[in-house]
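Worksheet: the structure to be examined is printed underneath.
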Amino acid sequence: MIDLSFLQTEAQALLPEIIQIRRHIHAHPELSFQETETMRFIASVLEKEGISFKSGVGNTGIVAEICGTNPESRLIALRSDHDALPILEKNEIEFASKNKGVMHACGHDVHTACLLGAAKILNNHKDKFQGKVRLIFQPGEEKLPGGATLMIAEGVLKNPVPDFIVGLHVFPELEVGKVGFKSGMYMASTDELYLKVIGKGGHAALPEQYNNPLLIAAAIIQELNNKFMVANSELNPEKIPTVLAFGKITGAGATNVIPDFVNLEGTFRTMNEEWRKKAHEVLIQTANSIAKSMGGSVEFTIEKGYPFLVNDPTTTEKIRSVATDLLGKENVTELKLRMTAEDFAWYSQEIPSCFFRLGTRNESKGIVSPVHTATFDVDEDALRIGMMLMAGAVFA
């Protein structure tokens with residue numbers, strides 16, 4: 001195997017520039033599928049490096065390619081995402097969001113900067129790797145159906161099919177300087193549940209004249225919880241990891257007003273596509289049965305989201321080995337299965353994939369906030385690790 005120590009040297013030398021790239025993206029966040037200026041900025045960096053690319057893929061995405069020696073021998077894909085979230089930033093930093101109410105609170109600015117750093121490294125060392133590298137700068141990870149589906153539909157995994165694809169994600173639970181891997185099933189599928197539970201409204205003091213939809217909704221929630229989360233051994237004998245949760249109930253009633261209907265919103269997550277399909281049927285059948293038995297009805301909509309994310313064991317072990325060589329065994333950790341979701345899962349369902357975690361936490365600097373919060377930030381030394389490993393994946 002080639003001596004990869006040059007990656008450490010290159011990443012360290014590029015760090016100040018990549019920090020500035022990250023800060024520019026962080027200061028100018030854009031929501032999913034609205035990342036026009038971000039796309040233009042990425043393009044400007046690639047143009048400066050002389051890297052060929054195509055913009056506008058998947059709406060506001062970019063696909064670039066770098067050829068090494070013997071470019072037809074293999075193809076490795078590297079992916080980042082670049083959309084932000086509708087969150088008002090509370091960090092008091094000089095590069096805080098200039099777009100009020102929009103913030104890179106999930107670290108996609110870091111992901112993009114790491115991939116641009118990797119692009120610079122690989123472009124400077126094309127003589128050191130075999131094959132071709134496809135750089136996927138993806139929009140819309142935070143919004144269904146996910147930018148990955150659009151880019152896949154436009155052929156990002158074809159002509160030719162990549163040997164494997166690698167992505168990373170910031171991980172504030174892990175100290176900066178460390179990375180985490182997990183072979184096999186890693187993250188859950190995710191579906192959004194929307195129920196309109198219909199009864200009959202009326203004056204709260206006259207129960208003989210109404211059929212309270214809140215009681216019907218409560219019965220539905222309780223029964224579904226019993227089926228899926230409490231007594232689920234009969235329904236789910238293989239004990240496939242599953243989460244069913246309702247987080248919102250709304251109705252236009254009052255202390256003495258019973259509404260005609262209430263709305264429920266929830267999520268369903270699991271790790272198996274056959275079980276997922278069966279569960280959808282059980283959810284709908286159970287809700288309809290409960291509502292009917294109580295003299296009401298229900299309109300049940302399931303908005304199907306991302307599939308589960310699976311890390312190919314062979315690919316993951318290759319990337320883990322590179323990380324161990326570059327960072328030391330003590331800085332490479334084993335991740336636990338998570339019921340959160342990521343649209344990188346779409347790629348993992350198509351070709352061998354590795355999605356790893358990048359430590360960003362630094363308690364001594366007060367950098368401890370979780371993602372999707374108004375105070376999320378990273379120790380920027382993580383950029384050095386991220387670009388180094390993304391470039392290093394090409395040598396796996």
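Below, all heavy atoms of this structure are taken into account, side chains as well, without hydrogens, waters or symmetry copies. Since this is a predicted model, take the numbers as computed values, not measurements.
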Using modelled atom types and a 3.5 Å cut-off, is there a donor and acceptor pairing between side-chain atoms of [X] and backbone atoms of [Y]?
| X | Y | result |
| --- | --- | --- |
| Thr333 | Val179 | yes |
| Asn256 | Ala204 | no |
| Ser348 | Ala345 | yes |
| Ser353 | Ile351 | yes |
| Glu363 | Val368 | no |
| Asn288 | Ile284 | yes |
| Thr112 | Asp109 | no |
| Ser321 | Lys318 | no |

Approximate separation, where rounding is to 0.5 Å, of [X] [atom1] and [Y] [atom2]:
| X | Y | atom1 | atom2 | answer |
| --- | --- | --- | --- | --- |
| Lys128 | Phe395 | NZ | CZ | 7.5 Å |
| Gln138 | Ile152 | CD | CD1 | 8.0 Å |
| Asn159 | Arg134 | CG | CZ | 7.5 Å |
| Leu4 | His125 | CG | NE2 | 11.5 Å |
| Glu154 | Met151 | CD | CE | 7.5 Å |
| Ser97 | Leu85 | OG | CG | 11.0 Å |

Less than 4.0 Å between a side-chain N and a carboxylate O, is that true for [Y] and [X]?
| X | Y | answer |
| --- | --- | --- |
| Glu37 | Arg40 | yes |
| Asp343 | Arg79 | yes |
| Asp83 | Lys143 | no |
| Arg338 | Glu173 | yes |

Are [Y] and [X] connected in a single hydrophobic cluster, I mean Ile/Leu/Val/Met/Phe/Trp/Tyr linked by side-chain heavy atoms less than 4.5 Å apart?
| X | Y | value |
| --- | --- | --- |
| Val332 | Ile319 | yes |
| Phe344 | Phe181 | no |
| Phe6 | Leu14 | yes |
| Leu122 | Leu389 | yes |
| Val378 | Val102 | no |

**Request:** Using side-chain hydrogen bond (donor to acceptor under 3.5 Å, both in side chains) as the criterion, point out the one residue from His28, His82, Glu30 that pairs with Thr38.
**Result:** Glu30
**Message:** I'd like to check the ring-ring contact (aromatic ring centres under 6.0 Å, His included) partners of Phe308; sequence neighbours left out, ordered by chain and number.
**Reply:** none
**Residue list, ring-ring contact (aromatic ring centres under 6.0 Å, His included) with His111, at least two apart or on another chain** = His108, His169
Exceeds 12 heavy-atom contacts within 6.0 angstrom, atom [atom1] of [X]:
| X | atom1 | answer |
| --- | --- | --- |
| Glu281 | CD | yes |
| Glu330 | CD | yes |
| Glu334 | CD | yes |
| Phe261 | CZ | no |

**Asked** Among all residues two or more places apart in sequence or in another chain, which pass the side chain to side chain donor-acceptor pair (under 3.5 Å) test with Glu49?
**Response** Lys120
Looking at [X] and [Y], what are the two nearest heavy atoms and their distance?
| X | Y | result |
| --- | --- | --- |
| Ser73 | Asn70 | OG-O, 2.7 Å |
| Phe356 | Gly180 | CB-O, 3.3 Å |
| Leu7 | Ala391 | CD2-CB, 4.0 Å |
| Tyr306 | Ala341 | CD1-CB, 4.4 Å |
| Ile62 | Ala43 | CD1-N, 3.7 Å |
| Pro213 | Ile258 | CD-CG2, 3.9 Å |

For a quick check under 3.5 Å, do [X] and [Y] share a side-chain donor-acceptor pair by atom type?
| X | Y | answer |
| --- | --- | --- |
| Asn272 | Thr270 | no |
| Asn362 | Ser364 | yes |
| Glu223 | Thr286 | no |

**Item:** Residue pairs passing the side chain to side chain donor-acceptor pair (under 3.5 Å) test where at least one lies in residues 180-206, sequence neighbours excluded
**Value:** Ser183-Glu317, Tyr186-Arg357, Asp191-Arg276, Asp191-His280, Glu192-Tyr194
**Request:** May I have all residue pairs that pass side chain to side chain donor-acceptor pair (under 3.5 Å) and include part of residues 50-62, sequence neighbours excluded?
**Result:** Glu35-Thr60
**Item:** side-chain contact (heavy atoms from CB on, under 4.5 Å) partner of Cys114, the single match among Ile18, Val170, Leu78, Leu383
**Value:** Leu383
Are the side chains of [X] and [Y] in touch, meaning some heavy atoms are under 4.5 Å apart?
| X | Y | answer |
| --- | --- | --- |
| Glu10 | Met388 | no |
| Asp163 | Leu75 | yes |
| Glu47 | Phe53 | yes |
| Phe129 | Ile76 | no |
| Arg22 | Phe95 | yes |

**Request:** Please report the C-alpha distance between Thr360 and Val176 in whole Å, then the side-chain angles of each, then the deciding distance to 0.1 Å, and finally whether the side chain to side chain contact (heavy atoms under 4.5 Å, CB included) criterion is met.
**Result:** CA-CA 4 Å; Thr360 59; Val176 66; 5.8 Å; no
**Prompt:** Are Phe228 and Phe268 close enough, and set up right, to give a ring pair (Phe, Tyr, Trp, His ring centres under 6.0 Å), and what steps lead you there?
**Reply:** CA-CA 10 Å; Phe228 285 89; Phe268 180 79; 5.7 Å; yes
**Intermediate values then yes/no, side chain to side chain contact (heavy atoms under 4.5 Å, CB included), Phe137 and Leu116** = CA-CA 9 Å; Phe137 296 90; Leu116 286 170; 3.6 Å; yes
**Fill in**
salt bridge (Lys or Arg N to Asp or Glu O under 4.0 Å) pairs touching residues 382-396, sequence neighbours excluded, are Asp381-Arg384
**Prompt:** side chain to side chain contact (heavy atoms under 4.5 Å, CB included) between Val394 and Ile66: does it pass, once the steps are laid out?
**Reply:** CA-CA 11 Å; Val394 175; Ile66 301 173; over 6 Å; no
**Request:** Show your reasoning for whether side chain to side chain contact (heavy atoms under 4.5 Å, CB included) applies to Asn211 and Ile216.
**Result:** CA-CA 9 Å; Asn211 184 10; Ile216 301 173; 3.9 Å; yes
